[in-house]
Engineer: 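Dropping the structure in here first, questions after.
Note on naming: letters A, B, ... go to the chains in the order of the sequence lines (proteins, then strands), and numbering restarts at 1 for each one. The model shown is predicted, which means the values in this text are computed figures rather than measured ones.
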Amino acid sequence: MFTQLSLALNSFIDNDLGLAGGQKNQLLKKHKLHLADSLDKGHWTTNLCLVASGLTKKNPRELATKLATVIQSADGVDRVEIAGPGFVNIFLTQRAFLQQVEQAMDLIPSVDNSLQKKIQIEFVSANPTGPLHVGHGRGAAYGDAIARILSSLGHQVEKEYYVNDAGRQVDILACSIFLRKFSCFDDVSFPASGYKGSYVLEIADSIKLDDSAPNIQKDQLCKDLPEEPEAEIDELITRIQSSYSDLWLVIRSGGLAYVTQSIKDDLTAFKVEFDQWFFESSLGELSDETSDIAKALHKVKQEHAYEKAGAVWLESTKFGDDKDRVIIREDGRGTYLSADLAYHKNKLDRGFDTIINVWGSDHHGYIKRIEATIEAMGYNKNQMQVQLVQFANLLEDGAKVKMSTRSGNFYTLKQLIDDIGPDAARFYYLSKQADQHLDFDIGVARSHSKDNLYYYVQYAHARICSVQKKYISLGHTLPEAFKDFDEFHACDDLIQLALNFSFVVQSAGENLQPHLIIYYLRDLAQGFHHFYNDTNILKAAEQDQVNMLRALGLVKNVIASSLELIGIDSLEQM
RNA sequence: GCGCCUGUAGCUCAGUUGGAUAGAGCAACGGUUUUCUAAACCGUGGGUCAGGAGUUCGAAUCUCUUCAGGCGCGCCA
């Protein structure tokens, strides 16, 4: 129906408005044809005449009168009303209205071939230095949801995790494991900047050494250390690397492998699977001229960099950054930015139309910088889109759950999943726009009470399943089409809501906002519960039963599909 | 100081590419079950959309400004 009505609108635009090309394009872009939010405004409604009146300087209601006659002649249109300042409300015949349900079976229309894009989404990308905590869960749920939504719309989507395995943080982890494995410190004197979580001990235990126990000179290693924590840990790393180089490498790679695997396991439990794990180390060494990182730096150094105080600076201010940035340190090592620059070059060279970076919102100051490096390398910064995800406050019965990483004592994502299940967790992570603060109350998520929106939605699905079962047990088969439906009105509101599904998905995809689906689910579930309480389906006239079951079949599919788009399984019974 | 984000009902938030009387959940109060799952439903009260000015046929939405809050501003990652 949408297509037919669009055609009618277009013919009106072409034949009756007499607009020049530029104005016409503006009109095509700005006007809307959408499902009415309430049936007393018709089934479909358009603001075309209001927008057109601004461009043609004609009275919107006069335009509407003309448009009404054009639409009136379209197939399936019962009547047309002009409302308010010039809205055109379109009422379909009941037959045409319900036939939309049959057409809606193909629930999500793919975008046109010409608009299909190759998209890469990079998300989570937490440092491999410990288990994922609940803060990471939101990024995981968000990235995975937009990946599902975009691919359902017909885009080609690849999910990637960037593993920072080359930096100092991993050295600190390796050092912490080393110190634990050989009990170099007690709990009190353990270096303040080391990782102190109990998982470090687990890793230490898991690493089996081939040789007989190595002889570690603890006194030598631990004496005369600097007071300052950062300097202390750096000094320890240096000493271990030089005195026990083979052992260091074994522990470092073993620790990294262990943590990476545990992150993968946690994500699997959360139903997030990545297509690609990209290791920072694969970009190579700066000293190796053939490496990706050396080549990328070479490229920007030629035109957009200079030397100052022994370091190499990128002229990022030329590309809108606040200040220039160091890319090669005084001591010759690269900065984090240099690795990221090479990583983004690598991503863009892989031929994606769009790369989406999902970052914690504390990184927002970094956006301009990375955009500048992308432009400095000669790419278009608009190919990259950064989506910020704000950290979630975890509450338990109204009180904040402590998340101290320093002590190593924190609520992990795995614990959350074990506690309330991956589905409820995903649901609540996505229940608010990603770049805004979220208060996530575990008590509510766990409860089986009416404050729990997750169960409210699932209950609607389960209730439909239950009615269907009962209906089948009475000897019927589920209808696949409406029957003699010209006068069937019992499910009008519900159907109107369900038909909106494909528009919601499109909007969620265009704006990268999965929370729109959550709110849609709530509205749809509400519409269903309302109908269900109002109507005794299995006591209705037989003809109506068939049609109700048909309508509920649509609603059930829409709920299940919506949930699937955010990575949640629908419940058949509760 | 500079930059980004936020301010909507008692609370938590939708609605922000300008559209029709600003919505929902919770909380409060009052109802609904011999009936397909009451994890549900119905009703009542509750708002200067932070304040002010502007643009427009029309502003919670756009512009300017004031106030309040959050975050970011390393040769860290």
Engineer: Taking the same atom, P, in B:rA20 and in B:rU35, what whole-Å distance lies between them?
Structural biologist: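 Comparing P positions in B:rA20 and B:rU35 gives a spacing of 43 Å.
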Engineer: Just wondering, are more than 12 heavy atoms of other shown residues or ligands nearer than 6.0 Å to CD in A:Glu228?
Structural biologist: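 Enclosed.
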Engineer: Reckon A:Ser38 touches a base, only the sugar-phosphate, or nothing at all at heavy-atom distances under 4.0 Å?
Structural biologist: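 Result for A:Ser38 = nothing.
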Engineer: Taking the C1' atom in each of B:rG72 and B:rA9, what is the distance between them to the nearest angstrom?
Structural biologist: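 After rounding to an integer number of Å, I get 33 Å for this pair.
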Engineer: In whole Å, what separates the P atom of B:rG1 from that of B:rU61?
Structural biologist: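 Here B:rG1 and B:rU61 have their P atoms 27 Å from each other.
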Engineer: Looking at B:rC41, which nucleotide sits across from it as a Watson-Crick or G-U wobble partner, both distances under 3.5 angstrom, or is there none?
Structural biologist: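 Paired with B:rC41, as far as the under-3.5 Å criterion goes, is B:rG31.
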Engineer: For nucleotides B:rU21 and B:rG15, find the distance between their C1' atoms and express it as a whole number of Å.
Structural biologist: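 Between the two C1' atoms, the distance is 15 Å.
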Engineer: Show your working on ring pair (Phe, Tyr, Trp, His ring centres under 6.0 Å) between A:Phe2 and A:Trp44 and close with a plain yes or no.
Structural biologist: CA-CA 8 Å; A:Phe2 178 75; A:Trp44 292 87; 5.6 Å; yes
Engineer: May I ask which nucleotide in the shown strands pairs with B:rG47, Watson-Crick or G-U wobble, both distances under 3.5 Å?
Structural biologist: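 B:rG47 is unpaired by these criteria.
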Engineer: Could you check how far OH of A:Tyr428 sits from P of B:rC26, rounded to whole Å?
Structural biologist: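 Computing the A:Tyr428:OH to B:rC26:P distance gives 11 Å.
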Engineer: Given the P atoms of B:rA50 and B:rC75, what is the spacing between them in whole Å?
Structural biologist: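 Straight-line distance between the two P atoms is 39 Å.
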Engineer: Give the rounded distance in Å between these two atoms: CD of A:Gln573 and P of B:rC36.
Structural biologist: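 In whole Å, B:rC36 P lies 16 Å from A:Gln573 CD.
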Engineer: Rounded to whole angstrom, note down the P distance from B:rC49 over to B:rG10.
Structural biologist: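 Here B:rC49 and B:rG10 have their P atoms 13 Å from each other.
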Engineer: Picking from B:rU35, B:rC36, B:rC41, which would you name as closest to the side chain of A:Val467?
Structural biologist: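 Nearest to the side-chain atoms of A:Val467, counting from C-beta on, is B:rC36.
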Engineer: Give one of base, sugar-phosphate or nothing for A:Ala339, where a contact means two heavy atoms less than 4.0 Å apart.
Structural biologist: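 No contact at all - A:Ala339 keeps every heavy atom at 4.0 Å or more from the nucleic acid.
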Engineer: Taking only N and O in the side chain of A:Tyr456, is any of them less than 4.0 Å away from OP1 or OP2 of B:rC41?
Structural biologist: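 For A:Tyr456, the contact criterion (side-chain N or O under 4.0 Å from OP1 or OP2 of B:rC41) is met.
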Engineer: B:rC11 pairs with which nucleotide, Watson-Crick or G-U wobble, both distances below 3.5 Å?
Structural biologist: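 B:rG25 - that is the nucleotide pairing with B:rC11, both distances being under 3.5 Å.
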Engineer: Please verify the inter-ring angle class for A:Phe440 with A:Tyr429; under 30° counts as parallel, over 60° as perpendicular, anything in between as tilted.
Structural biologist: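 Aromatic pair A:Phe440/A:Tyr429 classed perpendicular.
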Engineer: When the distance from CG of A:Leu453 to C1' of B:rA40 is rounded to whole Å, what number comes out?
Structural biologist: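 My rounded result for the distance is 14 Å.
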Engineer: Can you check the A:Asp534 CG to B:rC42 C1' distance for me, whole Å?
Structural biologist: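 Roughly 9 Å, once rounded to whole Å.
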Engineer: Say whether, by atom type as modelled, one donor and one acceptor occur between the side chain of A:Ser125 and the main chain of A:Tyr162 under 3.5 angstrom.
Structural biologist: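 Checked: pair present.
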Engineer: Please determine, for B:rA68, whether a Watson-Crick or G-U wobble partner exists with both distances under 3.5 Å, and give it or none.
Structural biologist: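 Result: B:rU6.
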Engineer: Atom OH of A:Tyr519 and atom P of B:rU12: how far apart are they, to the nearest Å?
Structural biologist: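 About 13 Å, once rounded to whole Å.
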Engineer: Just by protein heavy atoms under 4.0 Å, how would nucleotides 68-77 of chain B read 5' to 3' in B, S and -?
Structural biologist: --SBSSSBSB
Engineer: Quickly work out the A:Asp435 CG to B:rU6 P distance and round it to whole Å.
Structural biologist: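 Between P of B:rU6 and CG of A:Asp435: 7 Å.
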Engineer: At under 4.0 Å between heavy atoms, how does the protein contact nucleotides 15-20 of chain B? Give one character per nucleotide, 5' to 3', with B, S or -.
Structural biologist: S---BB
Engineer: Before we go on, tell me: are the rings of A:Phe123 and A:Tyr161 under 6.0 Å apart, centre to centre?
Structural biologist: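 Aromatic pair excluded; centres sit 6.0 Å or further apart.
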Engineer: For B:rA38 versus B:rU32, give the span between their P atoms, rounded off to a whole number of Å.
Structural biologist: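 The answer is 16 Å between these two P atoms.
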Engineer: Distance alone, cut at 3.5 Å: any donor-acceptor contact between the side chains of A:Glu230 and A:Ser193?
Structural biologist: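 Distance-only check passes for A:Glu230 and A:Ser193.
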Engineer: For the pair made of CG in A:Leu438 and C1' in B:rC5, what is the distance, rounded to whole Å?
Structural biologist: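 Distance check: A:Leu438 CG to B:rC5 C1' gives 16 Å.
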Engineer: Are the charged groups of A:Lys347 and A:Glu122 less than 4.0 angstrom apart, N to O?
Structural biologist: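 Judged by the 4.0 Å cut-off on N to carboxylate O distance, A:Lys347 and A:Glu122 do form a salt bridge.
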Engineer: Quick check: on RNA chain B, is the nucleotide nearest A:Ala525 upstream (toward 5') of the one nearest A:Asn536, or the reverse? Name the residue that is more 5'.
Structural biologist: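 The residue mapped nearer the 5' terminus is A:Asn536.
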Engineer: Provide, to the nearest angstrom, the distance between the CG atom belonging to A:Leu55 and the P atom belonging to B:rC57.
Structural biologist: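 After rounding, the reported distance stands at 13 Å.
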Engineer: When the P atoms of B:rU44 and B:rU6 are compared, how many Å lie between them, rounded to an integer?
Structural biologist: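 It works out to 34 Å between them.
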Engineer: Do we see a donor-acceptor contact under 3.5 Å between the side chains of A:Asp435 and A:His364?
Structural biologist: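 No, because no side-chain N or O of A:Asp435 sits under 3.5 Å from a partner of the opposite role on A:His364.
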Engineer: So, the side chain of A:Thr373 versus the backbone of A:Ile370: is there a donor-acceptor pair under 3.5 Å, distance only?
Structural biologist: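 Side chain of A:Thr373 to backbone of A:Ile370, a donor-acceptor pair under 3.5 Å: yes, one is there.
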Engineer: Starting the side chain at C-beta, find the nucleotide from B:rA40, B:rG25, B:rC36 nearest to A:Gln526.
Structural biologist: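 Of B:rA40, B:rG25, B:rC36, B:rG25 is nearest to the side chain of A:Gln526.
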Engineer: Can you tell me if the side-chain N/O atoms of A:Lys539 get under 4.0 Å from OP1 or OP2 in B:rU35?
Structural biologist: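 Result: no.
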Engineer: Salt-bridged, A:Arg79 to A:Glu81, with N to O below 4.0 Å?
Structural biologist: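 Counted as a salt bridge, because a side-chain N and a carboxylate O are separated by less than 4.0 Å.
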Engineer: Do the charged groups of A:Glu315 and A:Lys318 touch, with an N to O distance under 4.0 Å?
Structural biologist: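 Between A:Lys318 and A:Glu315 there is a salt bridge, with a charged N closer than 4.0 Å to a carboxylate O.
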Engineer: Both distances under 3.5 Å, Watson-Crick or G-U wobble: report the partner of B:rG18, or none.
Structural biologist: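 No nucleotide pairs with B:rG18.
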Engineer: Could you check whether the rings of A:Tyr520 and A:Phe501 sit parallel, tilted or perpendicular, using 30° and 60° as the cut-offs?
Structural biologist: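 The arrangement is tilted - the two ring planes meet at 30° to 60°.
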Engineer: Tell me which nucleotide, if any, is Watson-Crick or G-U wobble paired with B:rG74 when both distances must be under 3.5 Å.
Structural biologist: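 Per the H-bond distance test, none.
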Engineer: Once you apply the 3.5 Å cut-off to both distances, tell me the Watson-Crick or G-U wobble partner of B:rU63, or none.
Structural biologist: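 Checking every strand shown, B:rU63 finds its partner in B:rA53, with both distances under 3.5 Å.
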